[in-house]
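Notes follow the structure.
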There are 2 protein chains.
Amino acid sequence: MTFAQFSRQAGLSRGDICREILASHRESIKAKKEATAVKNLELIFDATLALANQKGFQAMTVRDLSRATGLSMGALYDYFTSKEELLEMVLSTGRRVVMRLLEKGLQEAEGPVEQLRSAIRTHLFLSEAMQPFFFFAYMEARHLGEEQKERAKQSELATERLLAEIIQRGVKAGLMATADHQMAAALIKAMLQDWYLKRWKYAKRRLSVDRYAGFVEQAALALCLAPGLPSPCGETSKS
Amino acid sequence: MTFAQFSRQAGLSRGDICREILASHRESIKAKKEATAVKNLELIFDATLALANQKGFQAMTVRDLSRATGLSMGALYDYFTSKEELLEMVLSTGRRVVMRLLEKGLQEAEGPVEQLRSAIRTHLFLSEAMQPFFFFAYMEARHLGEEQKERAKQSELATERLLAEIIQRGVKAGLMATADHQMAAALIKAMLQDWYLKRWKYAKRRLSVDRYAGFVEQAALALCLAPGLPSPCGETSKS
DNA sequence: GTCTATATACGGATAGAC
DNA sequence: GTCTATCCGTATATAGAC
């Protein structure tokens with residue numbers, strides 16, 4: 001699977017996402033006509049991610065948002081009741097879309113090695129297609145209220161667990177060998193996240209997601225398939 | 001080298017750092033007696049990192065800082081002339097201390113493999129000893145002015161280059177084999193950073209830096225020493 | 001459904017007492 | 001050297017015209 005193939009079948013256009021926002025916040029959004037509501041929500045969604053990723057959500061003012069979308073202050077407040085609700089709106093909808101696609105993408109591969117490959121690619125392609133959202137969710141997580149912060153942590157642990165379970169099955173099947181499957185999963189996850197966190201670096205090098213995915217696959221397999229690893233307890237050699 | 005050994009020899013107490021802040025900002029700090037100045041700078045330094053890491057530097061108000069340090073608004077402004085200068089003060093001093101220790105720590109190892117090990121441990125131990133600072137510098141980097149942001153990126157690239165050069169020497173010496181030493185360095189760096197970015201996760205698992213360092217060393221060597229890697233250009237198998 | 005104008009609050013920074 | 005009191009700008013949110 002390449003990113004081009006993934007994009008075609010995923011169907012996660014801005015329109016789809018904003019229709020989902022509208023559906024799940026029907027009561028608090030004043031606009032009645034779906035067409036205009038979705039059009040304005042797209043403006044708001046895009047501008048919020050762009051501005052917040054540049055200067056931080058809390059530094060971004062509603063006036064900035066007004067300037068960027070072309071909507072007035074009053075019009076904006078017809079789509080959310082407070083700046084905090086705007087944050088919640090973007091995060092909760094984004095998380096729902098991501099979860100749905102992650103689960104869908106992982107049911108097709110067979111065998112631990114192919115599943116690990118598939119998980120890596122799906123995660124990378126998803127974060128490529130929705131890079132502004134992934135970056136936003138990562139960076140703003142700690143500014144959330146306790147309940148929402150807990151949800152963010154659970155989301156991190158859930159994807160780690162998904163990787164760990166694949167590796168565990170690989171070890172049981174005798175196809176993989178690693179001292180600690182949870183730790184292997186954590187390290188792989190760190191490599192996956194670097195792709196959307198250091199966008200500027202990889203963009204400057206004109207590195208495609210497909211190539212990056214190839215490297216991470218290699219690294220993950222080197223880590224999980226490597227034979228005869230010493231138990232990693234503090235010192236691993238004279239060092 | 002273990003973290004305990006590193007801590008003993010490094011000598012990067014809060015006092016040392018704040019004496020350095022004082023020295024490099026002597027003109028703008030109104031307090032004359034070194035003892036009181038350093039004492040208050042320690043309060044300010046600690047509280048700034050704690051508050052900013054919890055809610056973000058820009059969301060942290062000077063009034064919050066006043067409450068946390070026990071100093072009044074007026075007193076605080078005797079130590080910096082603006083909130084922005086406070087940010088610059090913390091970041092520039094921290095970066096200087098980190099750079100000094102990184103370079104010092106790397107002159108002792110011999111041979112590419114030992115150097116790679118040493119670089120990994122030094123980086124991890126440093127980020128452990130100064131975790132609040134590392135987290136702060138990472139998270140606040142994008143809120144800086146253009147010049148400061150450029151410095152932050154250069155700092156990222158510099159440590160990556162350091163790793164890449166070790167690996168390149170290893171390949172030349174026939175001790176390592178990797179398709180792309182820069183990419184290998186980037187992935188290792190991502191694993192190093194996860195330690196201070198996901199503190200909550202590893203703390204909950206009661207994982208020590210020494211154990212984490214062992215895992216990353218293993219992963220790095222698996223990645224660099226692995227024999228017969230296929231060239232990672234997009235597809236690496238039927239997949 | 002969208003706009004302008006404004007109420008209200010809060011944050012950064014400073015002046016001047018002690 | 002530290003404090004209290006205050007100025008001034010700006011941000012969120014709303015009321016009411018069009």
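Values below: every heavy atom of this structure, side chains too, minus hydrogens, waters and symmetry copies. Keep in mind that what you see is a predicted model, and the values were worked out from it rather than measured. Proteins come first, then strands; the chains are lettered A, B, ... in the order of their sequence lines, and each starts at number 1.
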Per nearest nucleotide of DNA chain D, the residue lying toward the 5' end, Asp78(B) or Arg63(B), is Asp78(B)
- [ ] Tell me, please, whether Tyr77(B) has Lys30(B) positioned over its six-membered ring: NZ or CZ under 6.0 Å from the ring centre and within 45 degrees of its axis?
- [x] no
Rounded to whole Å, CZ of Arg67(A) lies from C1' of dT4(C) at a distance of 16 Å
Between OH of Tyr77(B) and P of dA15(C) the distance, given in whole Å, is 13 Å
How is Ser72(A) classified with respect to the nucleic acid when contacts are heavy atoms under 4.0 Å: base, sugar-phosphate, or nothing? base
Taken to the nearest whole Å, OH/Tyr79(A) to P/dC3(C) is 10 Å
Winner on side-chain proximity to Lys83(A), out of dA13(C), dA13(D), dT2(C), is dA13(D)
Query raised in the report: Which part of the nucleic acid does Thr36(B) contact within heavy-atom distance under 4.0 Å: base, sugar-phosphate only, or nothing?
Result: nothing
To the nearest angstrom, the CG-C1' distance between Asn40(A) and dC3(C) comes to 13 Å
Gly94(B) and Met130(B) have their tightest heavy-atom pair at O-CE, 4.5 Å
- Expected output: side-chain Arg14(B) to main-chain Asp46(B) donor-acceptor under 3.5 Å: no
Here the distance between atom C1' of dG12(C) and atom CE of Met73(B), to the nearest Å, is 6 Å
Between CG of Leu86(B) and C1' of dA13(C) the distance, given in whole Å, is 14 Å
When rounded to whole Å, the CD1 to P distance for the pair Ile44(B) and dT2(D) reads 9 Å
Atom CG of Leu71(B) and atom P of dT4(D) are separated, to the nearest Å, by 11 Å
message: Closer than 3.5 angstrom, by distance alone: can the side chain of Gln115(B) be matched with the main-chain N or O of Ile166(B) as a donor-acceptor pair?
response: no
_Regarding Asp64(A), tell me which of base, sugar-phosphate or nothing describes its non-hydrogen contacts under 4.0 Å with the strands shown._
nothing
